[in-house]
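Protein chains get the first letters and strands the later ones, always in sequence-line order, with residue 1 at the start of each. As a basis for the values below, the full set of heavy atoms in this structure was taken, side chains included, without hydrogen atoms, waters or symmetry mates. Bear in mind the structure is a predicted one, so any value in this text is a computation, not a measurement.
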Protein chains: 4
Amino acid sequence: MIRAQIILIALFALTFGFTFGQDKEPTEPEDTELYEPVPPQVVPGKHGAAPSDAIVLFDGTNLNEWISVADSTEANWHLNEDGSMTVKDQTGDIRTKRNFGSVQLHIEWKSPKEVKGKGQSRANSGVFLQGRYEVQVLDNNGNDTYVNGQVGSIYKQSIPLAMASVPSGEWNTYDIIFHAPEFSRGGNIVKPATMTVLHNGVLIQDNFELEGPTEYRGWPKYKTHGKAPIILQDHRDNSRVSYRNIWVRELD
Amino acid sequence: MIRAQIILIALFALTFGFTFGQDKEPTEPEDTELYEPVPPQVVPGKHGAAPSDAIVLFDGTNLNEWISVADSTEANWHLNEDGSMTVKDQTGDIRTKRNFGSVQLHIEWKSPKEVKGKGQSRANSGVFLQGRYEVQVLDNNGNDTYVNGQVGSIYKQSIPLAMASVPSGEWNTYDIIFHAPEFSRGGNIVKPATMTVLHNGVLIQDNFELEGPTEYRGWPKYKTHGKAPIILQDHRDNSRVSYRNIWVRELD
Amino acid sequence: MIRAQIILIALFALTFGFTFGQDKEPTEPEDTELYEPVPPQVVPGKHGAAPSDAIVLFDGTNLNEWISVADSTEANWHLNEDGSMTVKDQTGDIRTKRNFGSVQLHIEWKSPKEVKGKGQSRANSGVFLQGRYEVQVLDNNGNDTYVNGQVGSIYKQSIPLAMASVPSGEWNTYDIIFHAPEFSRGGNIVKPATMTVLHNGVLIQDNFELEGPTEYRGWPKYKTHGKAPIILQDHRDNSRVSYRNIWVRELD
Amino acid sequence: MIRAQIILIALFALTFGFTFGQDKEPTEPEDTELYEPVPPQVVPGKHGAAPSDAIVLFDGTNLNEWISVADSTEANWHLNEDGSMTVKDQTGDIRTKRNFGSVQLHIEWKSPKEVKGKGQSRANSGVFLQGRYEVQVLDNNGNDTYVNGQVGSIYKQSIPLAMASVPSGEWNTYDIIFHAPEFSRGGNIVKPATMTVLHNGVLIQDNFELEGPTEYRGWPKYKTHGKAPIILQDHRDNSRVSYRNIWVRELD
């Protein structure tokens, strides 16, 4: 390159201008209007209530959508009179009977007003998408712990962008947009799972790409799987976390 | 490939097993705990109210954060006694004085209870991120239009996943996670803008990659830009759309 | 997350093992054999000679495949008796009459044995794919210049991995695999051009993603275009570079 | 969006033009010249001969760079007087003593002039990058087989773009640019292996992304590994394939 090339470039553009084309661009507004597919009508809920197309997983009346992870018998966590349920210590995790892929999940949770324990032992539970990918539930009010294990973290993978809990004893909301991972026919990960989380309306996880399932020890490792249940955790340390108003919308 | 190779593969794996390594995986739970950076504490709002770290763009008391797009004079839309503002026809679009990149935006809007006009002429307005990327505002209740221009669409680019409006005259919420596009030093797009939108709590745009700025005619075309204001549209057809409770959290 | 969870994970896997499936994997060797499409038969050339499916752009007998960039008249570079052609100073760049997209290009070039000038003024020419994306031709033997402008560079974008020239006066080969950029319907770049170059058999550009067309000043800037000619440069400084044995295979 | 907005867009652009910036673009040619890093000088070889920086794996004089895959004893394939080696049936595959990551590999091979067998049983061998990723060697002259297993295929993964063999008994060249796969710390594939192959100078594999290691049965499945040897295959069917002039340049 280069001297005296500049003028020639202009000539060149003139000369070959016609051949450097693409499909002709539409000029009328009507040309770029689409009339299908028509999106479904959904009646939204107010203040976190389930929209009309959601699968309601818990509305406070029963635990019919849930079973025990350990033995697939009924989920015998406490069903409270105020429309919530509470972890029953040592009964183990519970899971949905249904399997899910990508979802929008709304869930509300509360740690006891009377605090007890510290660090990871104060009101610890968790929401596991597809039984593997955990959003941490913990009472972090005045209670420090490792930040990739604090409330709102994707456990041991992603520190939340903010700590947005309400005071102990009040209800928190998680609004989660989860995309299931995709695997090759041979079982290799080809598209990682992603998670967006709003904690009490505050964005704390922003389309985070998960490195694999949640691991307590060692590195995350994807293994191929299909649709799978949502799990709520019994941390087995007398963490009396309560849940209410759980619904899900399938995205696939 | 192949006959009789299977046994050799096993031998081969044994032989070279040591050299096919990676950094040693940690085995203790403590090995994968992180203690920084510590996320900021944010006091969340209830039912869409601004969290403590948000920039409040409109709280119902004044229009101080806004000016006219046309001439940069004050934004003289109607300021209502109920803490909302309403488009003042023919005064033109208004924009924030501040410029923004990637944001979480909360905004509430309402079409008049008394419906008037049809199609794109019934309570049409729009929220333009960075002055260019529009989420459509429209009264679509019993009012069909092209679906890539209906309420909740990314105008002429993305049909919403659902039509989740409340009845005319009631307040809608948009919760938007917007990522600004990224450009090369020469001005070429290298990472498209993305948009996630919850309409009244229902996911209607799911991390959509924009093809470019909103265009009324023709195809979208990215042009390099930096941070830019949020614009609210006066559609100039006497569309009396109202807005309230507008706040934004910067993500970059 | 955590305590006592390990045992349950195992149970969980057993319990849901069946549902975590995918299409059944084939077990017979025949299951993964494909019989079409049948690749075309090509008779290869020896030592850089054109294969049977190549478009021969220059075989030493004439310049019929080329015209002047400046005025589209015939390309009047020197046609030599040894089957090569040489830049005729001040006649300007020449280009192929044909337009190309993605190609495999073989081209041979030689700088004069008798060196003259220094830096960018010693036997400077260039091969421009699609008239815009230049692989630099220069006599760099004992002749330093800026490394992103040296022989084998993608001019002002990519330093070559090695300087693999033969001595001045001997024939060099460039074997280039070029993929044309792709643009959106609105004209934005969506997939950058890429270039792989073997210089005398040595890999010097390894699937490099171009930032845009070659620029002498300022940053590269993609502008939408279609298929376009290959250009050979007259650097207008009496750089008597010679070319021979030019052929191309279309990849799209 | 819409009516009467066009004029305002122009005003808007004027108004905010200054803030839509980026770093100032350089205007002088010197501003975009780089002087380091200086690429290494390499003396190229002629007609496929090893360049000065290559690791020569076989030059015809001995098999010192190779050992038996089965038992790590010396590679006892036939060493021929013409500077080639030939598979010794039932001695098994041989591999390099060295381990490699990403490489440029040159290798020449020949099937016997006197043809014998058919389909996959006519002069079948293979070049396995990192001991796992096979480029097929086969005498396909007048000898059809499944196309994803024919000469030049990435075995059972990628049909070659062309069948470019020379007649049986003549020497073929493979010039391969191989990029090793990348794995997460947990062992998941994060960047697939890629392969570009020139067969006798004809591009037959064009930056193909491998789905995993070569599999005779079932789907490819990545498993984490580090640098690994190149393997040449004894197909154990009396396929007397010969090799010569093998050299490699490391790319990482």
Side-chain angles (χ1 to χ4, degrees), chain A residues 1-9 25-35 130 132-134 148-149 153-159 179-195 207-226, chain D residues 1-9 25-35 130 132-134 148-149 153-159 179-195 207-226:
Chain A
M1 255 243 127
I2 286 317
R3 272 189 281 132
Q5 187 122 353
I6 292 86
I7 297 161
L8 292 181
I9 291 283
E25 184 164 356
T27 53
E28 293 310 303
E30 294 72 24
D31 296 339
T32 48
E33 296 172 1
L34 298 177
Y35 285 86
Q130 296 198 309
R132 298 163 170 75
Y133 310 105
E134 183 191 18
N148 59 345
S153 65
I154 297 176
Y155 189 77
K156 289 206 171 169
Q157 291 193 46
S158 178
I159 302 166
H179 282 94
E182 295 174 17
F183 297 92
S184 74
R185 54 191 185 172
N188 288 123
I189 184 74
V190 291
K191 200 170 164 203
T194 60
M195 197 103 76
N207 200 33
F208 178 75
E209 282 198 359
L210 280 84
E211 194 179 329
T214 299
E215 298 287 350
Y216 181 49
R217 295 169 191 268
W219 306 133
K221 293 161 192 64
Y222 276 111
K223 288 207 184 86
T224 187
H225 63 84
Chain D
M1 232 255 129
I2 304 6
R3 270 191 281 133
Q5 186 123 354
I6 294 87
I7 297 161
L8 291 182
I9 292 281
E25 184 164 354
T27 53
E28 294 310 304
E30 295 72 24
D31 296 338
T32 48
E33 296 172 359
L34 298 177
Y35 285 85
Q130 297 199 308
R132 297 163 171 77
Y133 309 105
E134 183 190 17
N148 60 345
S153 64
I154 297 176
Y155 188 77
K156 291 208 170 168
Q157 290 193 48
S158 178
I159 302 166
H179 283 94
E182 296 175 16
F183 297 92
S184 73
R185 55 191 183 170
N188 288 122
I189 183 73
V190 290
K191 199 167 164 207
T194 60
M195 198 104 77
N207 199 33
F208 178 76
E209 281 197 0
L210 280 84
E211 194 179 328
T214 298
E215 299 286 350
Y216 182 49
R217 296 169 190 266
W219 307 132
K221 293 161 193 63
Y222 276 112
K223 288 208 184 85
T224 188
H225 63 83

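Dense packing is recorded around NZ of A:Lys221, with more than 12 heavy atoms of other residues, nucleotides or ligands lying under 6.0 Å away.
The choice from A:Pro220, A:Pro29, A:Gly212, A:Gly218 that makes the most heavy-atom pairs within less than 4.5 Å of chain D is A:Pro220.
With sequence neighbours left out, the side chain to side chain donor-acceptor pair (under 3.5 Å) criterion links D:Glu182 to no other residue. Applying the side chain to side chain donor-acceptor pair (under 3.5 Å) test to A:Tyr222 and every residue at least two apart in sequence or in another chain returns nothing.
Contact between D:Glu211 and A:Ser184 at its shortest, heavy atoms only, is OE2-CB, 4.4 Å.
A heavy-atom distance below 4.5 Å is not found between the side chains of A:Asn188 and D:Asn188.
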